[in-house]
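Lettering follows sequence order; numbering is per chain, from 1.
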Amino acid sequence: MKRPLPLIVGVLSGLVVLAAMFFVPQGGSILATVLNWMIIVAGVALLVAIASLVLTHLRFIANGKKGFLLSLVLVISFLATLVFGLLRGVDDPVFLKWVGAVIRPIETALLGLVALVMMSAALKIFRERGWSALTVSFGVSAIIFLILGLGFLQNLNFPALNGVITFVEGLPMIGARGLLIGIGIGLLMMAFRVLFGMEGSGND
Amino acid sequence: MLSTLTLNDQLALALGLAGLLFLLINLLLLKRNPPKHIPEPAKEAVENLLHVSSEQGKRLVVGLGQNLTNASFDLSGASGLSLQRALLKRSLFNDHPLQSFSGDGVLACLSRMAVHGAYRGALASELFDGSLSQLSGTSHMAYTASLANYIPDTSNAGLLLAGQMSPVILLALDQADRHSLPAISAIASLSGQAAGFFGSSVNLMGEDVFNAEGKLAQRKASLASLSAQDWLRITISIGLLLGAILKMGGVLP
Amino acid sequence: MTEDHSELNLCPNCGKENLPMATRCVYCGSEMESLFTISGQAQMPDEEAEDSLPDIIEEIRNDPALQIPAEEHPSPESQPADQADEPTLPGDQLPDWLAKVRERAQEEEDAIGGLASGTMAMDAARSEEGSAGVEGEFNAWINRIREKNQQESSVRARQLPGESEEPDQVPEWLQRIRALQPHPEEETTHELKTRSNYADELPREWTDEALDELRRQDLAEDHAQETQPLPAAGAFAEGEKLPAEAQAKEPSERTQEEPEPGEDEFHNIPDDEDEYLEEVPKKDLTQFTEGEEETISEEAVAEELEIEGPEALAEEPELQGKEILAEPGQEIQQQKTLQSEEPVAEESALEPEKSEKFEQGEPESTLPQDESELPSEGKEAQPEESDQPRDSTAVPPDLLLLRDQQDRASLLASLIEQEGRVTAGKQPARKPSGRAGRLAVALLLLFGLIVSILIGPAAIPPETPKSIPAIALSDQIQAMAENDQVLIVLDYQAATSRELEALTAPLLEQLHTRGAELAILTTQPSGLFLAQTLLAQAGLPEDTQVDYLPGSYLSLISQAVNPAISTTGSNPVKDLRSFKLVLLVSDSSDNIRGWLEQIAPWIGTLNFAAVTTQMEAPVLSPYFDSGQLIGYAAGIADGNIGVQSTFSYRAYRVGLLLMLVMLLLGMISKAEADAIRREEERSE
């Protein structure tokens, strides 16, 4: 059963924040205070999560669990970054350079992989999903926008053509707005469930 | 004050109040009439994944996304939590319990609370293991890399992505495809949904992303909110039509 | 059932039973003489043959070589007792003709001849048909009875003698159990449903608990004094078996004693209520084969034993609870299983004791007196329908079921319901994508890109038009005056840094050139080292301050809502309202939305512009249309200043072309596969 006290605190906090949003001059300070609490809680939660992650992987290493070498890499990297950061400070240019030198190529390579995966997916998407209104419209629009992306048509500099291109470029927003409205509605209902304790705190 | 709100905000407020009203009405209606089972793609998809997990005695991997408080504060980042809870209740005593990954500190803690709560609720706290809900990378690339690294494990039965994710999550979907792992994506962001469609997965779009849990758990609150959602959708559609007519008639500027 | 089929002859034409001495079938009138013609046996004179015919038939029937294998008669009880009494003749005493028959039977596979094989085939066909049809009907009938029994018990649980009329004298245990009915309306529905299943509306008097108690009493008495003719049914399940003789004789005795046992045996209510059992079909029993009859009669004995003397039993209802205490959780679960999967009764019909336990009414009736002894899991397994309190004021607190527990119970019920159900849209087994194909695609892409880069630098043509939002952004930057404060928010990851830096650096350079005061803020830790590269590309001084804002959005919202905080706190950005423009450099449209929807409304005078990836740009379009964004740049063309050295426009185009080709190839291959399939279907 949900404990009543946390539930009441949660519901009241939500309602206070909502009310403060609409009565800004009066509720501004309350809202700012609540948000500051939230920043602190979020920061602590991140620390807790990191500590838990490290402990979990230490346990994996201690137990010799399958793939524990990766856990070893994680723990060593974490400790090295932590110690380096603590000793030199997070603003230290050398520290930032080292961190950037590791992260940037890795992430860029992964993004390159995404391009490759998208190409491979383009080849098989119709085989997997078959012909449907969604796949056909997707295929047609993808081809049109890829052609537009090449820039050949824009370089022709026909005013009429440019008008058509502008119109076509605006078309995806029709579907996107529909999806956004759907997401918004779903989110609104989820927010109500959370706000009134119907969603459960997780630890129920 | 209310008078200082823009037209957009006033409209949003009106819609919010309408949504609340619809929710309350549907709660009352559901209290009188028991909910009926309506098969839905979202529910079927998630249930199938769960069946695969149960039948094969394998693990279900859940990606909860990497954005609840990381950059912008977005409640849709927590949309996977309720789904995780619903799935957990059904798979607590599977050979391999559900494994979830979060890319946000708050999300990771909430997810762990959900896992612990589920075990405690089933009087099996001793089975709870902290590693069942892990923090992975806190940026979308690091998160995806971490998740993709976990997918090849032979004891995995399926991949469920629920929450806020970037299109880079396509890498994880591709990894699942390469290892013949069925995948479901219920991503709350538009670009993430596009990636889910492009990848080999059962892709939930729009509000379906938030519906899976309601359809699966069949809780009254969830079901009532689903009905209220439909009512709100109809209201918005009528509003849009009216707006278009008024605009064409020159009534609206 | 009273007829002995072993003494009858079957007509070779219609397969119906005739008396042994009949020469013509009484049903179809065809000759039965052929029955008496034995293949391989010389014809005897009529008189002699007539005298010896019954003996021959008897011999043939008793001959093990001509018997249907034992497996086809699973119930040993079905062996007629008279058959066991007949001694088999030793080999040396056999008549000649029989010896010949046996010899030939051993030599030839089909030596049993047309007569016997025809008879056996008929028997087999009949037994198959009968067993399929009759067994199905029998099972359905048994299920109906058990279901009825189960429903009865739920009604009777509240109608124990002397209790229903006087609620004040209801024992405490029953009050507590009744208190477990939170939704009286649901319960009422259930009751109505239950009653509608009966032909009569009479109250049932005996609960299953009472019957169970009776069984135990019977058993106890049986143990104490061996004078009881038959042990309780429960004894079978507990391993106490009847003596072999009794097992063999009891059913036949009973069948002889009761000419129509079908109606009498298969119920568990007192005899005086027999007349109300109209729905029990008579014909079901007449169609039973021999073996089945035996089985049924045995079960009927067990059933009958269960209901014997129920009056004596209801005196100690509390004992039921004590017995149930042994395995409460299991029992409740079993009941749930039974409720959701009624056909289980088929199996339970063979295990009277077990099935009796299953059928002990609604779960509340099985709850022990001392609820604290129940494990909570067992409590949670209570079905939702049954644990709604009838009168919430009378519910003892220790018996209240929590909503969560009800939820879990209903979840369990739904899981059991779904067990083995094939859900629609089940995903087919997936095949992993071919690695060779993937490698080919990768090599093609790499080859195209490398070649296009190696050919030489290719900047975007200067005449390439920018998008409208990018032109609007450019105009805003051109409109900046000296000392105008501009906030640059870096909110992107290393992966997208190349694309965003290529777009942002020229803008920063322009702003710097115009003398605008730049404040650079990052909401991501990675922004600290990413900013270094950006500043270098934009030609800004290396010592330009880049501030990290912990708490990112939340901090900014609180600052926007309450400006006093920013002046007193350690915020690097003292006052958002002092900026003329906020340039959001982000690879996430959601983050930009967050700014526009959560922060911008509080600072009306602030202008927002954005730089984002081409992938995220479409989402920003409505915000530009509504004026929330004064402009945004996304993609290669928008960042075109004609002099980018780090970017190869040719490689970009080659990449797009390859993607286009792949998409078309995918469509063509799918169309081809469909065409081939259609062709194959047509040819078939």
Using non-hydrogen atoms and a 4.5 Å limit, figure out which bit of [X] sits close to chain A: side chain, backbone, both or neither.
X: Ile668(C); result: neither
X: Gln614(C); result: neither
X: Leu657(C); result: both
X: Ala442(C); result: both
X: Ala671(C); result: both
X: Leu444(C); result: neither

For the [atom1] atom of [X] and the [atom2] atom of [Y], what is their distance to the nearest 0.5 Å?
X: Ile147(A); Y: Leu656(C); atom1: CD1; atom2: CG; answer: 11.0 Å
X: Ile103(A); Y: Leu530(C); atom1: CD1; atom2: CG; answer: 8.0 Å
X: Glu107(A); Y: Ser497(C); atom1: CD; atom2: OG; answer: 8.0 Å
X: Leu146(A); Y: Leu663(C); atom1: CG; atom2: CG; answer: 6.5 Å

Notebook entry, point to check: Heavy atoms, side chains only, cut-off 4.5 Å: are Leu111(A) and Glu499(C) in contact?
Noted result: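 SC-SC contact between Leu111(A) and Glu499(C) ruled out.
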Notebook entry, point to check: Counting heavy-atom pairs under 4.5 Å to chain C, which of Leu35(A), Ile40(A), Ile106(A) comes out on top?
Noted result: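 Of the candidates given, the most pairs with chain C belong to Leu35(A).
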Margin query: Counting heavy-atom pairs closer than 4.5 Å to chain C, which one of Arg104(A), Met38(A), Glu169(A) comes out on top?
Written below: Arg104(A)
Non-hydrogen atoms of chain C under 4.5 Å away: do they reach the side chain of [X], the backbone, both or neither?
X: Ala142(A); value: both
X: Pro105(A); value: neither
X: Thr135(A); value: neither
X: Ile143(A); value: both

Heavy-atom pair of closest approach, residues [X] and [Y]:
X: Val441(C); Y: Ser120(A); result: CG1-N, 4.1 Å
X: Met667(C); Y: Phe126(A); result: CG-CE1, 3.2 Å
X: Met659(C); Y: Ala122(A); result: SD-CB, 4.0 Å
X: Phe529(C); Y: Val99(A); result: CE2-CG1, 3.7 Å

Margin query: Heavy-atom pairs under 4.5 Å with chain A - which of Val661(C), Val619(C), Leu664(C), Thr533(C) has more of them than the others?
Written below: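 Heavy-atom pairs under 4.5 Å are most numerous for Thr533(C).
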Note to self: Quick check on Trp131(A): does its CH2 atom have over 12 non-hydrogen neighbours (other residues, nucleotides or ligands) under 6.0 Å away?
What the structure shows: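 Enclosed.
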Notebook entry, point to check: Counting heavy atoms not belonging to Ile468(C), are there more than 12 under 6.0 Å from its CD1?
Noted result: no
Notebook entry, point to check: Would you find a donor on one side and an acceptor on the other, under 3.5 Å apart, between the side chain of Arg653(C) and the backbone of Leu150(A)?
Noted result: yes
Check: Just checking, is any N or O donor in the side chain of Arg498(C) or Thr108(A) under 3.5 Å from an acceptor N or O on the other one?
Finding: no
Note to self: Looking at Arg127(A) and Asp674(C), is there a salt bridge between them, counting it only when a charged N and a carboxylate O are closer than 4.0 Å?
What the structure shows: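 No salt bridge links Asp674(C) with Arg127(A).
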Item checked: All ring pair (Phe, Tyr, Trp, His ring centres under 6.0 Å) counterparts of Phe192(A), not counting sequence neighbours -> none
Margin query: Only heavy atoms, only distances under 4.5 angstrom. Which residues in residues 69-77 of chain A are near chain C?
Written below: none
Notebook entry, point to check: Quick one: side-chain contact (heavy atoms from CB on, under 4.5 Å) partners of Ala531(C), sequence neighbours excluded?
Noted result: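 Only Leu490(C), Val546(C) meet the side-chain contact (heavy atoms from CB on, under 4.5 Å) criterion with Ala531(C).
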Notebook entry, point to check: Listed by chain and number, what are the salt bridge (charged side-chain N to carboxylate O under 4.0 Å, His left out) partners of Arg129(A), not counting sequence neighbours?
Noted result: none
